Amino acid sequence: MVKIGKSDVNATALGLGTNAVGGNNLFPNLKDETGIQIVKTALDSGITLLDTAFAYGMGHSEELIGQAIQGYDRSKFVIATKAAQDTSNGDVTINNNPEFLKQSVEDALKRLQTDYIDIFYIHFPDDQTPKDQAVAALNELKEAGKIKAIGVSNFSLDQIKEANKDGLVDVVEDQYSLIHRENENLMFNYLRDNNISFVPFFPLASGLLTGKYSEVVNFPETDIRNGNPDFTGDRFASIVEKVNSLKPMAEKHGVDVAQLVLAWYIANPDISIVIPGAKHPEQVEKNAQALKVQLSDDEYKEIDNTFKNI
């Protein structure tokens, strides 16, 4: 089990990202029944962290998770959610106002049908609110038992430092993968020095690190992968070549490339929990097998070096 920052929250090193559970604004043709089954499959497979956000379907992902967790022992799993999107005026604006964040927690508790949220993130920074004041408001909710750990997401290092002025930030969630490694230099030293956990989103790079792509794919305009430069030109070809080079190692461990890549994150000392998403329950079951993969030091370094200069 992995401890989150300075909090008393502990979870498995592999969680479930749920942007495809109810995230109809992010992916086309999602079915609620499938989303609920994905969550149940994760819990049944020993995965103990569910990562969601208001932005995934504007609350719908939280609602589906709230339905899916009924009948499970709430003390046995961890829910992380995020908020910052203010829709009160009909448009979507980013809001870190302390009162808005407090209300966002109350609203999320209702949608999730639970008494507490294990990890609550400020999903995006706004341009107005002092970040330490936003975090202080969340700390009031932490002291009241409504949340257990405080996180920030999509924050720059300077914004993280401002948010953590009083040492209250437990966890940062930001983009990181074998093909997006900027945060190794940007923030990992600070997080390590301040006992702040790190959770990468898009760990499988929207499917690119699973080994399933061999030619350029055209995604619908409603798909979040549409227009992604990772999926075009020479960069796409280079990524595919490097991913394919991992297949012999994956076969040696009796897993596929996606599970091997997840095992690399699990073994990475700078990563606390990896949260791959899934569109089908079978993907969740396969991802869970990554917990059983034991990479040798040489294998870890080989994967690391393969993607050093992507």
Side-chain angles (χ1 to χ4, degrees), residues 2 4 7 9-85 87 101 103-124 138 141 145-151 153 171 173 199-204 224 272-288:
V2 178
I4 298 298
S7 76
V9 176
N10 294 276
T12 46
L14 182 77
L16 172 69
T18 65
N19 60 0
V21 175
N24 304 80
N25 55 334
L26 304 175
F27 298 101
N29 306 316
L30 297 179
K31 295 182 179 179
D32 288 358
E33 298 80 7
T34 302
I36 290 172
Q37 193 56 48
I38 286 170
V39 173
K40 290 183 175 183
T41 300
L43 296 176
D44 293 341
S45 299
I47 292 171
T48 65
L49 183 136
L50 308 173
D51 182 278
T52 187
F54 170 75
Y56 306 164
M58 295 308 177
H60 192 47
S61 179
E62 293 173 327
E63 290 171 345
L64 293 183
I65 290 173
Q67 295 176 43
I69 64 175
Q70 300 307 307
Y72 287 88
D73 183 345
R74 180 67 180 87
S75 68
K76 301 296 185 184
F77 61 92
V78 169
I79 296 177
T81 193
K82 319 173 199 74
Q85 294 81 3
T87 60
L101 292 176
Q103 187 59 51
S104 296
V105 170
E106 297 292 346
D107 294 343
L109 287 168
K110 292 176 183 176
R111 287 189 292 267
L112 290 163
Q113 300 185 52
T114 186
D115 296 327
Y116 65 93
I117 293 166
D118 299 271
I119 305 171
F120 188 86
Y121 294 93
I122 304 173
H123 200 169
F124 288 90
L138 294 182
L141 299 180
K146 293 187 176 183
I147 65 177
K148 291 190 171 185
I150 297 171
S153 182
V171 56
E173 186 172 318
V199 177
F201 60 70
F202 294 146
L204 295 176
I224 60 174
S272 297
I273 297 173
V274 60
I275 49 169
K279 290 185 177 177
H280 307 285
E282 295 78 18
Q283 290 175 308
V284 180
E285 292 175 337
K286 292 186 72 173
N287 288 343

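This structure is a prediction, so every number in the text was calculated from the model and none was measured. The figures here come from the full heavy-atom set of this structure, side chains too, leaving out hydrogens, waters and symmetry mates.
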[X] versus [Y]: any side-chain heavy-atom pair under 4.5 Å?
X      : Y      : value
Ile4   : Val78  : no
Val9   : Leu49  : no
Val171 : Tyr121 : yes
Thr81  : Phe120 : yes
Ile119 : Asp51  : no
Asn19  : Phe202 : yes
Arg74  : Ile79  : yes
Ile69  : Phe77  : yes

Any donor-acceptor pair under 3.5 Å linking the side chain of [X] with the backbone of [Y]?
X     : Y      : result
Lys82 : Thr52  : yes
Ser61 : Val21  : yes
Ser45 : Glu285 : no

Non-neighbouring partners of Gln85 that pass side chain to side chain donor-acceptor pair (under 3.5 Å), sequence neighbours left out = His123
For the [atom1] atom of [X] and the [atom2] atom of [Y], what is their distance to the nearest 0.5 Å?
X     : Y      : atom1 : atom2 : result
Ile65 : Leu112 : CD1   : CG    : 6.5 Å
Leu50 : Glu62  : CG    : CD    : 12.0 Å
Phe54 : Asp107 : CZ    : CG    : 8.5 Å

Ionic contact status for Glu106 with Lys146, cut-off 4.0 Å | yes
Matching residue for Thr48 among Val2, Thr12, Leu16 - test: side chain to side chain contact (heavy atoms under 4.5 Å, CB included) = Thr12
Pairs under 3.5 angstrom only: tabulate donor-acceptor contacts from the side chains of residues 33-44 to other protein residues two or more places apart or in another chain.
from	atom 1	to	atom 2	distance (Å)
Thr41	OG1	Gln37	O	2.7
Asp44	OD1	Tyr72	OH	2.9
Asp44	OD2	Tyr72	OH	3.4

Would you check if there is a donor-acceptor pair between the side chains of Asn25 and His60 at a distance under 3.5 Å?
-> no
Would one find more than 12 heavy atoms of other residues, nucleotides or ligands at under 6.0 Å from atom CG of Asn29?
-> no
